[in-house]
Amino acid sequence: FDVISEVCDKFQARWLTLAKLGTPRVNITAEMADVTLEIITKLIFGRHSINDQIIADIHHAYDEFMDYVKDLRLIPGVD
């Protein structure tokens with residue numbers, strides 16, 4: 001549970017900072033995908049092996065993959 005708490009605390013601090021700056025919107029779908037991805041990758045590969053850049057790269061690669069298969073219609077419901 002340490003990894004989950006660590007990641008949640010990190011995102012909570014980010015969201016509080018955004019709120020204090022008056023940022024009106026946060027894409028909660030994207031943010032929660034990032035939270036989930038970070039927790040899973042840190043649990044699989046170790047919390048000290050994964051940094052923010054690796055998480056961003058993995059997320060970007062997934063987005064590129066989904067854009068590719070969307071046009072091919074290989075996965076139902078990806079529109």
Checklist entry - Is there a path from V3 to I55 through hydrophobic residues (I, L, V, M, F, W, Y) whose side chains come within less than 4.5 Å of each other? => result no

Checklist entry - Do the side chains of L21 and T17 get nearer than 4.5 Å, heavy atoms only? => result yes

Checklist entry - Side chains of W15 and E31: closer than 4.5 Å at any heavy-atom pair? => result yes

Checklist entry - Which heavy-atom pair separates K42 from V7 by the least distance, and what is that distance? => result CD-CG2, 4.2 Å

Next on the checklist: Tell me whether E6 is salt-bridged to K10, with the criterion being a basic N under 4.0 Å from an acidic carboxylate O.
Outcome noted: no

Item to check | Rounded distance [0.5 Å steps], CD1 in I50 versus CD1 in I44 | outcome: 9.0 Å

Checklist outcome for this item: When rounded to the nearest 0.5 Å, the distance separating CG of D34 from CD1 of I28 is 10.5 Å

Next on the checklist: Does F11 form a side-chain contact (heavy atoms from CB on, under 4.5 Å) with M32? I'd like the steps, not just the answer.
Outcome noted: CA-CA 9 Å; F11 277 86; M32 292 311 297; over 6 Å; no

Next on the checklist: For F45, give me all partners under ring pair (Phe, Tyr, Trp, His ring centres under 6.0 Å), at least two apart in sequence or on another chain.
Outcome noted: none

Checklist entry - Distance-only, no hydrogens or angles: does the S5 side chain make a donor-acceptor pair with backbone N or O of D2 under 3.5 Å? => result no

Checklist entry - Will you find, in the side chains of Q53 and D57, an N or O donor that is under 3.5 Å from an N or O acceptor? => result yes

Checklist entry - So which of I39, V35, T41 actually passes side-chain contact (heavy atoms from CB on, under 4.5 Å) with L37? => result T41

